[in-house]
Amino acid sequence: QVQLVESGGGLVQPGESLTLSCSGSGFRSDYYAIAWFRQAPGKEREKVACFSTGDGTGYYADSVKGRFTVSRDTVKNTLNLEMNNVKFEDAGVYYCASNPRPRLCRARYGTLDFDSWGQGTQVTVSS
């Protein structure tokens, strides 16, 4: 059973940077889609970034493209989300999720397609 644990959330000012980490265990193969979702108060959970471990490709929602970068640390077995030039609208609870089908990183796949979830980490954006 895959277990995911997020860390790194906190308070950040607009324009600053923050890096989230997702530590995973229990993977049964080298081929997974590992995604970052976020949920703002009163809004649906949305996929903001995804990393396909098979070929190392990434997906980014338009709202974060050019500002967020997802990367894998194979030594620490973590998936990191580097958030640069943070905006007020980036605030929310960030969740790490995985599925053993790398194609789920594609834009059309969302919350219902991922079967393992972390508990989330809060990102607050305030000046």
Apart from Leu104 itself, its cluster of hydrophobic side chains linked below 4.5 Å comprises Phe37, Val93, Tyr95, Tyr109, Phe114, Trp117
Report yes if some heavy atom in the side chain of Phe88 is under 4.5 Å from a heavy atom in the side chain of Ser127; otherwise report no.
yes
Nearest-0.5 Å distance that lies between atom SG in Cys105 and atom OH in Tyr32:
13.5 Å
Working to the nearest 0.5 angstrom, can you tell me the gap between Glu6 CD and Gln122 CD?
12.0 Å
Surrounding CD of Gln3 (heavy atoms of other residues, nucleotides or ligands, distance under 6.0 Å), is the total greater than 12?
no
Between OG1 of Thr111 and CD of Glu46, what distance do you get to the nearest 0.5 Å?
9.0 Å
Going by side chain to side chain donor-acceptor pair (under 3.5 Å), name the residues that satisfy it together with Gln39, two or more places apart in sequence or in a different chain.
Arg45
Tightest non-hydrogen contact, residues Gly9 and Thr121, listed as N-OG1, 3.1 Å
How about Cys22 and Trp36: do any of their side-chain heavy atoms sit closer than 4.5 Å?
yes
Sequence neighbours left out, what passes side chain to side chain donor-acceptor pair (under 3.5 Å) with Ser21? Give chain and number order.
Asn80
Residues at least two apart in sequence or cross-chain that pass side chain to side chain donor-acceptor pair (under 3.5 Å) with Thr57, listed by chain then number, are Asp55
Any Met83 side-chain heavy atom under 4.5 Å of Leu20 side chain:
yes
Side chains of Leu4 and Gln119, heavy atoms from C-beta outward: is any pair under 4.5 Å?
no
Do any side-chain atoms of residues 67-76 form donor-acceptor pairs under 3.5 angstrom with protein atoms, and if so which ones, sequence neighbours left out?
from	atom 1	to	atom 2	distance (Å)
Arg67	NH1	Asn85	O	2.9
Arg67	NH1	Asp90	OD2	2.7
Arg67	NH2	Ser63	O	2.8
Arg67	NH2	Asp90	OD1	3.0
Arg67	NH2	Asp90	OD2	3.4
Asp73	OD1	Val75	N	3.0
Asp73	OD1	Lys76	N	3.0

Once side chain to side chain donor-acceptor pair (under 3.5 Å) is applied, do any residues pair with Asp62, and if so which ones, sequence neighbours excluded?
Lys65
